[in-house]
> 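To start, I am sharing the structure in question, which I have written as structure tokens.
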There are 2 protein chains.
Amino acid sequence: MSKTVEEIAKATGFSITTVRFVINGQTDRYRISAKTRQAIEDYIAIHGYSINHAARSLKLARTETIGFVVPDLANAYFARLMAALEARCNERNLLLLTLASHESPELENRAITSLLERDVDGLAIAPCQSVVLPQLRSNKTRASIVAFDRGYPSWPFPAVVSDNYQGGLEMARRMLQESAGGECFFLCAHADSPSIQDRIRGFETACAESGVDDVASRIWTDANDSPDAGRHLMRILIDELRRPPAAFMCSSLLVLEGALLQLREQMGNIDPALLIGTFDDHAMLDLLPNRIVAVRQNEKAIAERLFERLLAPRDPVGLPGETDTVPCEIICRNF
Amino acid sequence: MSKTVEEIAKATGFSITTVRFVINGQTDRYRISAKTRQAIEDYIAIHGYSINHAARSLKLARTETIGFVVPDLANAYFARLMAALEARCNERNLLLLTLASHESPELENRAITSLLERDVDGLAIAPCQSVVLPQLRSNKTRASIVAFDRGYPSWPFPAVVSDNYQGGLEMARRMLQESAGGECFFLCAHADSPSIQDRIRGFETACAESGVDDVASRIWTDANDSPDAGRHLMRILIDELRRPPAAFMCSSLLVLEGALLQLREQMGNIDPALLIGTFDDHAMLDLLPNRIVAVRQNEKAIAERLFERLLAPRDPVGLPGETDTVPCEIICRNF
DNA sequence: CTGTTAGCGCGTTCAC
DNA sequence: GTGAACGCGCTAACAG
């Protein structure tokens, strides 16, 4: 298997050019005789042909690859996004190169550098920092660059993000409406990220609509997105209230997880009357008896937009960079 | 940014060789003068250097990449495995190319073909079929090939798998011991896969130890691994028993999810006394009040073994292919 | 210490 | 219809 064009040419006795025309299906255009074509096709059917992408890429200065940098694939949202993007890439015979940054600027930079060295044709990044790697800025880089999930204003590239403001707004509205006495807290991790900021603004707007006067006391933030952050936030919230909250929403599933664990640990159980809200949906939420409001991001639509931007020729750096905003879906359970 | 070696040589006035020695840090070995080195380093500090991997790969017939084919990254187990493997690869400056087969033989074949064309140095595959793509068998393929997660006997490559027999055995033992009346059912999806077969054997052994006479009636199987399979299996089980089971275990989290949903739908709620067992652990299981036995596979150890085999030179095909078996961990909740 | 050269496999252009 | 030649950027071997 896996002959090169030259090997096939030698074996069949035809020239490299002829073999190439057959392989590339340009047999009509160059009037290759039917039996020549047949002979070469037969040989390939038996011995196979495997293109050498390194050589092709070197010649064409194009790799047919797309780079994809995500914070964490254990996050179901990013995993689904990757799946959707990979499907698109497959259709166009592009190879998707997925790397994880684990929310570490250093790993993110390594990933980007590595992908640029590999000369990807497009590069989609969910940044975990506001700083932009100089090589990305450079107009020498051929790749179309797109940010997603987090629209840092400092990033001079087009971005594709969920409508986090709308998500926060609608979730908070529903929570405030359902919650006895209109009590609702927001436990926020990774609070410096632009998408979380938008969610907070949505929450604040909903609170204002409902006439909540002390919005600031309703919002509890932590830098890291993790179950530990959720535990911590829930612990200090309970300490402050001297009782469990009647309703709370979380900025991510990880925070929710930690918050619920803390609640159960400290209170002995989770009150089925507790009203829960969370960003990102997860099938396992079905297993809780509580009323739950979940905001689900539309991964397929996001992947679609990303892909379009990735295929488009690279924008000249320096322009503001348009932002595509994709609506979220609100999912309610047990209401 | 991103100059080539030749551009740097031309710009600094030194030869390509000299520039390369500086870049590769072989400046001492070849006694490059300090000021030459400094001049070149200064130039690179300003203008940058980005290696062209396509050219390098073409020359060296080596790409510094590892291919990784998994059924589904939405499965937390594979996502964790990918993370562990990626970490190893990063250490050695290898790029991990991850593709998903979605349990489709066709997509799996596309993925493998694509990675072989890309000339990966190593290729780890969790096969979803017993058939082996001819190109893989061919000794022309340079890559070290390793199977994992599913040890199909027909695959002539080394394999790394969890000790599914032990996992099934220990989980079943614990379940039978805890369950009132020793009742325990096993809901199995993707039942034709070798790893599931091993889990079933473990279950059967534990049943035999406990003197269960009608083991066959305890095992319920489905071809696909999905929540729908879980729902279906639970529905026919309840139909058969004319009551919910006292204890059951599932071959995957997806099956568990479906089974619990079905249970709640049909019974109105999930009895907190229900004893649950499942393969693969998930943090969200913490949220259930039930006693739960979960088998957690050791992703880090598996990634380690995979990586070793991947780095080893390719085995001549035809040999049986050794199998590395990695023990699982049993996690008990609420006991 | 530094420079020159050949060739990896492919796509393209031009000549027969 | 077919063949030959060049060059993409890099590495390695050898020649100073």
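Each chain gets a letter, A, B and so on, in the order its sequence line appears, and its residues count up from 1. Heavy atoms only: backbone and side chains are in, while hydrogens, waters and symmetry mates are out.
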> May I ask you to check whether F78(B) and F68(B) place their ring centers less than 6.0 Å from one another?
no
> Please evaluate the base of dG9(D) for a donor-acceptor partner in the side chain of T4(B) within a cut-off of under 3.5 Å?
no
> Rounded to whole Å, how long is the line connecting atom CZ of R62(B) with atom P of dG9(C)?
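Whole-Å distance recorded here is 15 Å.
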> Quick one: is dG3(C) close enough that its OP1 or OP2 comes under 4.0 Å of any side-chain N or O from T18(B)?
yes
> Could you give the NE2-to-C1' distance, from H53(B) to dC8(D), as a whole number of Å?
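Distance check: H53(B) NE2 to dC8(D) C1' gives 16 Å.
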> Do the side chains of N109(B) and Q129(B) get nearer than 4.5 Å, heavy atoms only?
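Yes. Closest side-chain heavy atoms under 4.5 Å.
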> Which one, dC10(C), dG3(C), dC8(D), comes nearest to the side chain of A55(A)?
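Per side-chain heavy atoms of A55(A), the pick is dC10(C).
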> How many Å lie between NZ on K59(A) and P on dG9(C), as a whole number?
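It works out to 16 Å between those atoms.
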> Under 4.0 Å between a side-chain N/O of R20(B) and OP1 or OP2 of dT11(D), yes or no?
yes
> Return the value, rounded to whole Å, for the distance between atom CG of N52(B) and atom C1' of dG9(D).
6 Å
> The side chain of I51(B) is closest to which nucleotide in this list: dT4(C), dC10(D), dG9(C)?
dC10(D)
> Round to a whole Å and report the spacing from CD of E6(B) to P of dC8(D).
7 Å
> If you look at every heavy atom in A303(A) and A84(A), which pair is closest and at what distance?
CB-CB, 3.5 Å
> Spell out yes or no: do the side chain of T36(A) and the base of dT2(D) have one donor N/O and one acceptor N/O closer than 3.5 Å?
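Side chain to base: no pair present.
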> Quick one: L58(A) CG to dG7(D) C1', roughly how many Å, whole number?
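Rounding to the nearest Å, CG of L58(A) and C1' of dG7(D) are 9 Å apart.
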> For A34(B) and I16(B), find the nucleotide of DNA chain C closest to each by heavy atoms; which residue's nucleotide sits nearer the 5' end?
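The residue mapped nearer the 5' terminus is A34(B).
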> If the cut-off is 4.0 Å, is Y49(B) near the phosphate of dG9(D), judged by side-chain N/O to OP1 or OP2?
no
> Is the F157(A) to Y152(A) ring centre distance short of 6.0 Å?
no
> Output the rounded distance in Å from CZ (F21(A)) to C1' (dC14(C)).
11 Å
> For a quick test of reading the model: is some side-chain N or O of S15(A) closer than 4.0 Å to OP1 or OP2 of dA4(D)?
no
> When you measure from the side chain of L60(A), which nucleotide among dG9(C), dG9(D), dT12(C) comes out closest?
dT12(C)
> What's the closest nucleotide to the R56(A) side chain, out of dC10(C), dT11(D), dC8(D)?
dC10(C)
> Taking the side chain as every heavy atom from C-beta outward, state whether F21(A) and V19(A) have any atom pair closer than 4.5 Å.
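Result no, sub-4.5 Å side-chain heavy-atom pair not found.
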> In whole Å, I'd like the distance from the NZ atom of K10(B) to the C1' atom of dT2(C).
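The answer, rounded to whole Å, is 17 Å.
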> When you check the phosphate oxygens OP1 and OP2 of dC10(D), does a side-chain N or O of S57(B) lie under 4.0 Å from one of them?
no
